[in-house]
J.: 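Sending over a structure as structure tokens; questions will come in a sec.
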Amino acid sequence: MSDRLAATLALDAPVTSIPGVSSGRAAALSRFGVTTIRDVLAHYPKRYLDMSNICTIGQARIGENATIVATVHEAVLKRPKPKFDLVEVTLVDGTGTLIVTFFKQPWLVKTLTPGMRVSVAGKVEFNYGFLRMTMPFLDKVDGDNVEEVTGQVIPVHAASEKVPQGQMRRIVRGALSQLGRVYDSLPASLRAKYRLMPRAEALRAIHFPVDMAEQAQARRRLVYEEVLALEMHLMQQAQAELGDAPPRTHAVDGPARRAFEEHLPFSLTGDQQCAVADISQRMAAPERMRHMLLGDVGTGKTMVAAFALVMAADSGEQALMMGPTEVLVDQYAQGLGPLLEKSGVTWAKLTGSTPASEREAILEGLALGSISVCFGTHALLVDDVVCHNCGLVIIDEEQRFGVDQREALMAKGAACDVLEMTATPIPRTLALALYGSMTQSYLREIPFERPPRTTKVYGFRERGRAYDVALEACKRGEQAYIVCPLVGSQGGAAAQASGPRPKERSRFGYSGTAGEQGEPVYIDSFDDFSGDDSKAAEAQAKFLQAKTFSAYRVGLLHGRMKAAAKREVMERFRAGEIDVLVSTTVIEVGVDVPNATVMIVEDADKFGLSQLHQLRGRVGRGEKPGFMCLISATGDKAACERLSAMEKTEDGFKLAEYDLSLRREGDILGNRQHGASVLKLVNVVRDGAVIEAAHADAREYMETQVRANTLESKLYLREVDAVFSAEAQRKTHTAKKGGVR
């Protein structure tokens, strides 16, 4: 038992405890976020090379992947243009010659010396009279790893010049050798339920599998372990937030609710009815509600939230509903205010632009309890906003608020129920990974039949056709949105004469349409991009007024405008005094102008499909058909294919699934504040069944073993805490280092 405990505690020992890892090597490893033995073991291979079918150069087939062991004849550094290093390595093996090309790796000329044996794996091509490979996996073959080349499977870990592949494998082997009889923290009942590998065996097999079948079994075990730990962590956090205050039990069939239902001018959809019933049940239960309402664009989330507001009022309690923009909060007041008044519920609206005298009266009403419902922006978070008895908080577009902001609103009432909402379509498996501690309801049905809406993708050189669509709409007396280019972009109408633009790297880290390894990088932040974006919007508006829409009235809306100016612009647009509204993404949420029928999005390839879908929700909201024009700034085939999905479906959840299938896992989960970046192996699209199972198992385990405070649960929770403590320390260390490119 002592050996097992020692091996388990050794997981958190520094990497320098691994033989051969010096302080200098440890510093190099820290660039990967690897500082402990636990980190080394979690530094999983990016991919694997099946070396069981090695062929000669003469046997390699053009157009197919091949693994070849050959001898370096020469390595030459070339510079076809300034600041562009190209290394050509000539390999021979007695059956032929292979030219291997590497970009931006000039040090290879010194490390690949004539006579050295190497293995390369990649796609074989034929150009300029020679067989060639471009940027293949390359490894030195020497006495240390010659047996690996003639073996079965070689792992490919993330490596660097200071920690090359061979050295990284030796470090991982060293970490594995120290596992010993490490304690398997995963509950035995769950290991048996799914017939999972023991922990030590799974770690060995994920790094150095005998074959890919063994690797699949190891991954299966470790994926489940990752998700279960995350779900347990989320549920523990939720329990800690409850504190010692007793939960509230709300009245769900009081006079205000009955009056509200009587005055509704329409019938609820089936999805809305289910969501209202679900929320009612949870508000009535003697447990604190932590509920997430996920709905597609235009499915009526606000009306569902209104039922929660009146149920809180029926219980003699107050409710706060926070939205990210004054435009959206104004629409709460305009849409729900009259219905609340008819139901006998007092309400107020509090924003940053509320006059001082009116604000003082609202604060007094909240403190005395005479105001039951208050709609507001971040202004609700100020310390002097004190409620007499707040029993419910609603956070709309929750992804726009930080953890501290959400917690600040929740603190306005002791053990108050919480309803969070988002119009970002999120597939269920991803929602479980992100919001595993919360119960969930989904809205997919549109409350009423809407006119048809068409989406069309245009290439950069076809952008004139998109503006023709907007001009035709203006001639019919309709209105249009023009969504501006992104931060750092030089595109838009003001640059249409300049031709294609070079890709730029902005302060937000977007680099055209390609990441550092060529993966697509999409915008999935729902912030209003201010700063340079406002300047681009101003330039765009001036150009369009002077040239394209000279016969019409062009307005401007962006996040850096003062609240009063924003409100004035939106009121003028609603009233039809502005024909074309040039805007940043501030209009993506909540803006409702029925006469706006056309939207043009510049540089649409830089947006995530979910955000484009939200933007699309701003047009076609009245009785007239809507038209969405997406202008791509690139001719990249993959980018155009991705945008074409917008032409094929109006289902936001299908688009979200498709968008997820294209993304790197780090783009999906890596920036969540609650620690989802510990999911190193999980693929939320492919591993949906595992996520569902782990979520159900975590909830049952919390309700049985953790509640009973068993020894097994104590040991398992200790391991969960260790994983997330290590993750927090790693993030802090990476932040101090300035991150890893």
J.: Is the Tyr716 ring parallel, tilted or perpendicular to the Tyr701 ring (thresholds 30°, 60°)?
T.: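 Perpendicular, since the angle between the ring planes exceeds 60°.
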J.: Do Pro451 and Lys624 touch side chain to side chain, with heavy atoms closer than 4.5 Å?
T.: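 Side chain of Pro451 against side chain of Lys624, heavy atoms only: no contact under 4.5 Å found.
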J.: Output yes when a side-chain donor or acceptor of Thr649 lies under 3.5 Å from a complementary backbone atom of Ala645, and no otherwise.
T.: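 Between the backbone of Ala645 and the side chain of Thr649 there is no qualifying donor-acceptor contact (under 3.5 Å).
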J.: Would you check if the side chain of Thr584 reaches a backbone N or O of His558 as a donor-acceptor pair within less than 3.5 Å?
T.: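 Answer holds: no.
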J.: Hydrogens and angles aside, do Arg400 and Thr325 bring a side-chain donor and acceptor to less than 3.5 Å of each other?
T.: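 The criterion, which ignores hydrogens and geometry beyond distance, is not satisfied for Thr325 and Arg400.
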J.: Test your reading of the model: is there a side-chain donor-acceptor pair from His263 to the backbone of Ala259, 3.5 Å cut-off?
T.: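 Flag set: sc His263 to bb Ala259 pair under 3.5 Å.
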J.: Where do Gln318 and Leu320 land on the side-chain contact (heavy atoms from CB on, under 4.5 Å) test, with the steps shown first?
T.: CA-CA 7 Å; Gln318 296 167 291; Leu320 302 177; 6.0 Å; no
J.: Please lay out, stage by stage, how Arg359 and Asp384 fare under the test salt bridge (charged side-chain N to carboxylate O under 4.0 Å, His left out).
T.: CA-CA 11 Å; Arg359 182 178 188 274; Asp384 61 359; 2.9 Å; yes
J.: Looking only at heavy atoms, what is the nearest atom pair of Met646 and Thr455, with distance?
T.: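 It is O-CB, 3.6 Å.
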J.: Do Glu287 and Arg282 meet the salt-bridge criterion of a basic N to acidic O distance under 4.0 Å?
T.: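 So Arg282 does not pair with Glu287 through a salt bridge.
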J.: Which pair of non-hydrogen atoms, one from Gly352 and one from Thr377, has the smallest distance, and what is that distance?
T.: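 In this case the closest contact between Gly352 and Thr377 is N-OG1, 3.9 Å.
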J.: Looking only at non-hydrogen atoms, find the nearest pair between Val297 and Gln614 and report the distance.
T.: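 The answer is CG2-CA, 3.7 Å.
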J.: Looking at Tyr481, is Arg618 sitting on its ring face, NZ or CZ under 6.0 Å from the six-membered ring centre and within 45 degrees of the normal?
T.: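 That pair does not qualify as a cation-pi contact.
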J.: So which pairs with a foot in residues 281-311 pass ring-ring contact (aromatic ring centres under 6.0 Å, His included), sequence neighbours left out?
T.: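 Every ring-ring contact (aromatic ring centres under 6.0 Å, His included) pair that includes a residue of residues 281-311, provided the two are not neighbours, is Phe260-Phe307.
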J.: Quick one: does Glu226's side chain get under 4.5 Å of Val690's, heavy atoms only?
T.: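 No, side chains not in contact.
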J.: Does Leu655 reach the side chain of Ser610, with side-chain heavy atoms less than 4.5 Å apart?
T.: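 No, every pair of side-chain atoms sits at 4.5 Å or beyond.
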J.: Could you go step by step and tell me if Val706 and Met232 meet the side-chain contact (heavy atoms from CB on, under 4.5 Å) rule?
T.: CA-CA 10 Å; Val706 174; Met232 294 289 289; 4.0 Å; yes
J.: Are the side chains of Met421 and Val304 in touch, meaning some heavy atoms are under 4.5 Å apart?
T.: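 The answer is no, as the side chains (C-beta and beyond) never meet within the 4.5 Å cut-off.
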J.: Tell me whether Glu364 at atom CD has more than 12 heavy atoms from other residues, nucleotides or ligands lying less than 6.0 Å away.
T.: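 Count not over threshold, so no.
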J.: Might you point out which heavy atoms bring Asp697 and Leu228 nearest each other, and give the distance in Å?
T.: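 Scanning both residues, the minimum pair turns out to be CB-CD1, 4.1 Å.
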J.: Leu294 and Leu443: side-chain contact (heavy atoms from CB on, under 4.5 Å), yes or no, with the steps?
T.: CA-CA 6 Å; Leu294 302 104; Leu443 299 180; over 6 Å; no
J.: Between the side chains of Gln479 and Thr597, is a donor N or O closer than 3.5 angstrom to an acceptor N or O?
T.: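 No.
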J.: Taking ring pair (Phe, Tyr, Trp, His ring centres under 6.0 Å) as the test, write out the residues that go with Phe375, two or more places apart.
T.: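 Listed in chain order: Tyr332, Trp347.
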J.: Rounded at 0.5 Å granularity, tell me how far CG in Leu234 sits from CD in Gln236.
T.: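 Going from CG on Leu234 over to CD on Gln236, the span is 10.0 Å.
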J.: Can you find a pair of side-chain heavy atoms, one from Asp271 and one from Thr299, that are under 4.5 Å apart?
T.: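 Of all side-chain heavy-atom pairs linking Thr299 with Asp271, none is under 4.5 Å.
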J.: Can you measure from CD1 (Ile446) to CD (Glu650) and round to the nearest 0.5 angstrom?
T.: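 Atom-to-atom, Ile446:CD1 and Glu650:CD are 8.5 Å apart.
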J.: Side chains of Gln399 and Glu397: donor-acceptor distance under 3.5 Å anywhere?
T.: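 Yes, side-chain donor-acceptor contact under 3.5 Å.
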J.: Report, as yes or no, whether the 6.0 Å neighbourhood of atom CD on Glu703 holds more than 12 heavy atoms from other residues, nucleotides or ligands.
T.: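 Yes, because the 6.0 Å sphere around CD of Glu703 holds more than 12 heavy atoms from other groups.
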J.: Once you round to the nearest 0.5 Å, how far does CD1 of Ile371 lie from NZ of Lys349?
T.: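 The CD1 atom of Ile371 sits 13.5 Å away from the NZ atom of Lys349.
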J.: In the structure I gave you, are the side-chain heavy atoms of Leu366 and Ile362 within less than 4.5 Å of one another anywhere?
T.: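 Side-chain contact under 4.5 Å: yes.
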J.: Could you grab the distance from atom CE of Met292 to atom CD of Gln440, nearest 0.5 Å is fine?
T.: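 Result: 7.5 Å between the selected atoms.
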J.: Assess the side chains of His250 and Asp417: does a donor N or O sit below 3.5 Å from an acceptor N or O?
T.: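 Side chains of His250 and Asp417: pair found under 3.5 Å.
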J.: Taking all non-hydrogen atoms of both residues into account, name the closest pair between Gly555 and Ile578 and its distance.
T.: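 Scanning both residues completely, I find the closest heavy atoms to be N-CG2, 3.5 Å.
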J.: Is a donor on one side and an acceptor on the other found under 3.5 Å between the side chain of Glu478 and the backbone of Asn595?
T.: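 Such a contact is absent between Glu478 side chain and Asn595 backbone.
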J.: What are the two closest non-hydrogen atoms of Ser372 and Thr346, and how far apart are they?
T.: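 Shortest heavy-atom contact: N-OG1, 2.9 Å.
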J.: Under a 4.5 Å cut-off applied to non-hydrogen side-chain atoms, are Met322 and Ile394 in contact?
T.: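 No, every pair of side-chain atoms sits at 4.5 Å or beyond.
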J.: Side chains of Ser437 and Arg290: donor-acceptor distance under 3.5 Å anywhere?
T.: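 Their side chains do not contain a donor-acceptor pair, so the 3.5 Å distance test is not met.
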J.: Strictly below 4.0 Å, N to O, side chains only: are Arg257 and Glu261 in salt-bridge contact?
T.: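 Here Arg257 pairs with Glu261 in a salt bridge, since their nearest N and O are under 4.0 Å apart.
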J.: Kindly say whether Gly295 contributes a backbone atom to a donor-acceptor pair with the side chain of Arg444 at under 3.5 angstrom?
T.: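 Between the backbone of Gly295 and the side chain of Arg444 there is no qualifying donor-acceptor contact (under 3.5 Å).
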J.: Is any side-chain heavy atom of Leu419 closer than 4.5 Å to one of Leu293?
T.: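 In short, these two side chains touch, coming nearer than 4.5 Å.
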J.: Is there a donor-acceptor pair closer than 3.5 Å between any side-chain N or O of Arg553 and the backbone N or O of Glu577?
T.: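 Yes; at least one donor-acceptor contact below 3.5 Å.
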J.: Among side-chain atoms of His613 and Asp296, is any donor-acceptor pair under 3.5 angstrom?
T.: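 On atom types as modelled, these side chains qualify, holding a pair under 3.5 Å.
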J.: List the steps, then state whether side-chain contact (heavy atoms from CB on, under 4.5 Å) holds for Glu445 with Gln272.
T.: CA-CA 8 Å; Glu445 295 179 74; Gln272 285 177 312; over 6 Å; no
J.: Does any N or O in the side chain of Ser343 come within less than 3.5 Å of the main-chain N or O of Leu339, such that one atom is a donor and the other an acceptor?
T.: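 Checking the backbone N and O of Leu339 against the side chain of Ser343, a donor-acceptor pair under 3.5 Å is found.
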J.: Would you check if the side chain of Arg453 reaches a backbone N or O of Pro625 as a donor-acceptor pair within less than 3.5 Å?
T.: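 No; zero donor-acceptor contacts below 3.5 Å.
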J.: Judged by modelled atom types alone, do Glu398 and Thr422 share a side-chain donor-acceptor pair under 3.5 Å?
T.: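 The answer is no; no qualifying pair exists.
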J.: Enter the distance from His695:NE2 to Leu230:CG here, rounded to the nearest 0.5 Å.
T.: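 CG of Leu230 is found 10.0 Å from NE2 of His695.
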J.: Should Arg567 and Glu326 count as an ion pair when the cut-off is N to O under 4.0 Å?
T.: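 A salt bridge links Arg567 with Glu326.
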J.: Looking at Arg699 and Glu231, is any side-chain nitrogen of the basic one under 4.0 Å from a carboxylate oxygen of the acidic one?
T.: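 Arg699 and Glu231: not salt-bridged.
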J.: For the atom pair OG1 (Thr454) and CZ (Phe627), what is the distance rounded to the nearest 0.5 Å?
T.: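 With rounding to 0.5 Å, OG1 (Thr454) is 5.5 Å from CZ (Phe627).
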J.: Do Arg248 and Asn389 have side-chain N/O donor and acceptor atoms under 3.5 Å apart?
T.: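 Judged by distance alone, the side chains do pair up.
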J.: So, does Thr704 use its side chain to make a donor-acceptor pair with the main chain of Glu700 at under 3.5 Å?
T.: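 Yes; at least one donor-acceptor contact below 3.5 Å.
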